[in-house]
Amino acid sequence: MGVDYYNVLKVSRSATDEDLKKSYKRLAMKWHPDKNAMNPGEAEAKFKQISEAYDVLSDPQRRQIYDLYGEEGLKSGCGLFPMPNSNGRDMGSGRGFKYCTRKAEDIFEECFRGFHIGEEQIVGGGGGGRKLDKAADVETKLACTLEELYKGSKRKMKISRIVLDDAGMPVMVEEVLAITIKPGWKKGTKITFPEKGNHETGVAPGDLIFVVDEKPHPVFRRNGNDLIVHQKISLVDALTGKNLHITSLDGRDIIVSLSDIIKPGQEMVIENEGMAISKEPGKNGNLRIKFDVKFPSRLTAEQKSELKRILGRTN
């Protein structure tokens, strides 16, 4: 009998026209070559077979001949098989019939009224285009450490989503997605996986969107592309200087030499030691050090006298 068109469309032999159309639309959207860039060969073959099955079974005359003579008879009849009447009986000397395969894209466009899957709009007929109905997108937070956003990293995320099986029934599946976090990404950055959201009957699948969220850091605070660190120093160090050691987000030891007097609330800028700038590879923001000068809680009379002497005050 050749190809079982009913099995191809996942319908019973008693399927109605509505059953055929519903199943064809679902399978055609699933296997359209433009939606299967990773495996276009297999998708194209399945898409053609699905389209051919629908083209045959959706036409009462072709379906009747197919039910009687199968695929081979339908395609190679050419006079060998007389046309059956409405009761399926041989009409004797009636003229023969042969099915000529149509282009899968023509069948798709006819069924979807000109919908072009690459442009996501109606391109046939009048009245302008419209967007294809689509299931709601799914958004989820992707919590990242400041170190990850500074250096970049790779994650593997296990997700669960609803898809439709071959019978059109919703089933839950699990999948692992690889996410590449690029240096310099900010809170609110969105990573979109097209059509990795939930599936619904009769509409395009929704997208899965990860939204970057930034975890608080115990040392650094981010301000745009800059990093801010609050550094406490003693009054003696503020007046006499010292070398500060600050560990960067990628583990380097940044040495900051304090040679001038540091005033309370003063800020020092270390260029190019801030966050990476994602849109300008090779460039970084600045590291801003804000100083908190610790004053002693009390001084002895001798210390006060010595300070007056050193600072030059005589009265």
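The first residue in the sequence is number 1, and the count goes up from there. From a predicted model like this one, the values you see are computed outputs, not experimental measurements.
Between Tyr6 and Asp67, the side chains place a donor N or O and an acceptor N or O closer than 3.5 Å (distance only, hydrogens not considered). Ser257 and Ser259 share no side-chain donor-acceptor pair at under 3.5 Å.
For the pair Phe291/Leu258, a side-chain contact is recorded, criterion being any heavy-atom separation below 4.5 Å from C-beta on. The side-chain heavy atoms of His230 and Asp292, taken from C-beta on, include no pair separated by under 4.5 Å. Counting heavy atoms from C-beta on, the side chains of Val3 and Gln49 come closer than 4.5 Å. Inter-residue side-chain proximity for Leu146 and Leu227 is flagged as met; some heavy-atom pair is nearer than 4.5 Å. For the pair Glu148/Trp185, no side-chain contact is recorded, criterion being any heavy-atom separation below 4.5 Å from C-beta on. Between Leu20 and Arg63, the closest side-chain pair of non-hydrogen atoms falls below 4.5 Å. Contact of the Leu244 side chain with the Ile233 side chain is registered, since non-hydrogen atoms from C-beta on lie closer than 4.5 Å. Residues Glu273 and Ile246 fail the side-chain proximity criterion, which asks for heavy atoms closer than 4.5 Å.
Residues Val219 and Met268 share a hydrophobic cluster, clusters being chains of Ile/Leu/Val/Met/Phe/Trp/Tyr side chains in contact below 4.5 Å. When the side chains of ILVMFWY residues are joined at heavy-atom separations under 4.5 Å, either directly or via intervening members, Ile162 and Leu27 end up in two distinct hydrophobic clusters. Note on Val269 and Met275: separate hydrophobic clusters, where clusters join Ile, Leu, Val, Met, Phe, Trp and Tyr whose side-chain heavy atoms are under 4.5 Å apart, directly or indirectly. Taken together through direct or relayed side-chain contacts under 4.5 Å among Ile, Leu, Val, Met, Phe, Trp and Tyr, Ile277 and Phe220 form parts of separate hydrophobic clusters. In the hydrophobic clustering of ILVMFWY residues, with side-chain heavy atoms under 4.5 Å counting as a link, Ile254 and Leu249 come out together.
Note that the CG atom of Asn272 and the CG atom of Asn286 stand 7.5 Å from one another [nearest 0.5 Å]. Interatomic distance, Asp59 CG to Tyr54 OH, rounded to the nearest 0.5 Å: 10.5 Å. For the atom pair CG (Leu287) and OG (Ser248), the distance works out to 9.5 Å, reported to the nearest 0.5 Å. Rounded to the nearest 0.5 Å, atoms OG (Ser160) and CG (Asn198) are 10.0 Å apart. Taken to the nearest 0.5 Å, the OG1 atom of Thr16 stands 11.0 Å off from the NZ atom of Lys21. Expressed to the nearest 0.5 Å, how far CG of Asn284 lies from OH of Tyr150 amounts to 5.5 Å.
For the side-chain contact (heavy atoms from CB on, under 4.5 Å) test with Ile228, the passing option among Glu267, Arg222, Arg288 is Arg288; the others fail. Of the candidates Lys186, Lys190, Lys187, Lys187 is the only one forming a salt bridge (charged side-chain N to carboxylate O under 4.0 Å, His left out) with Asp213. If you run side-chain contact (heavy atoms from CB on, under 4.5 Å) between Phe210 and each of Ile181, Leu177, Val138, only Leu177 comes through. Partner of Thr145 under the side-chain contact (heavy atoms from CB on, under 4.5 Å) criterion, chosen from Glu214, Lys215, Lys151: Lys215.
Without hydrogens or angle criteria, Arg26 side chain to Asp165 main chain gives a donor-acceptor distance under 3.5 Å. In this structure a side-chain-to-backbone donor-acceptor pair under 3.5 Å is present from Asp137 to Asp207. One N or O on the side chain of Ser51 and one on the backbone of Phe47 form a donor-acceptor pair closer than 3.5 Å. A donor-acceptor pair under 3.5 Å is absent between the side-chain atoms of Thr189 and the main chain of Val212, judged by distance alone. Judged by distance alone, the side chain of Asp55 and the main-chain N or O of Glu52 form no donor-acceptor pair under 3.5 Å.
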Please assess His245 against Ile255 for the test side chain to side chain contact (heavy atoms under 4.5 Å, CB included), listing each intermediate value before the final yes or no. CA-CA 5 Å; His245 291 265; Ile255 301 176; 3.8 Å; yes
Would you sort out whether Leu142 and Arg155 count as a side chain to side chain contact (heavy atoms under 4.5 Å, CB included), showing the intermediate values? CA-CA 10 Å; Leu142 181 67; Arg155 293 267 200 96; 3.3 Å; yes
Carefully, step by step, assess Ile107 and Tyr24 under the rule side chain to side chain contact (heavy atoms under 4.5 Å, CB included). CA-CA 10 Å; Ile107 300 168; Tyr24 167 73; 3.8 Å; yes
Kindly indicate, with the supporting measurements, whether the criterion side chain to side chain contact (heavy atoms under 4.5 Å, CB included) is fulfilled by Ser153 and Glu147. CA-CA 9 Å; Ser153 69; Glu147 285 84 356; over 6 Å; no
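Nearest approach of Pro296 to Leu235, heavy atoms of both residues: CD-CD2, 3.9 Å. Of all heavy-atom pairs between Gly197 and His199, the closest is O-CD2, 3.5 Å. Of all non-hydrogen atoms in Leu299 and Leu307, the two that sit nearest each other are CD1-CD1, 3.6 Å. Residues Ile261 and Gln266 share a closest heavy-atom pair of O-OE1, 3.7 Å. Taking both residues in full, the closest heavy atoms of Lys196 and Arg161 are given as O-CD, 3.0 Å, listed atom of the first, atom of the second, then distance. What you find for Ile50 and Val8 is that their closest heavy atoms are CA-CG1, 3.8 Å.
The 12-atom threshold is not exceeded at CE of Met169, counting heavy atoms of other residues, nucleotides or ligands nearer than 6.0 Å.
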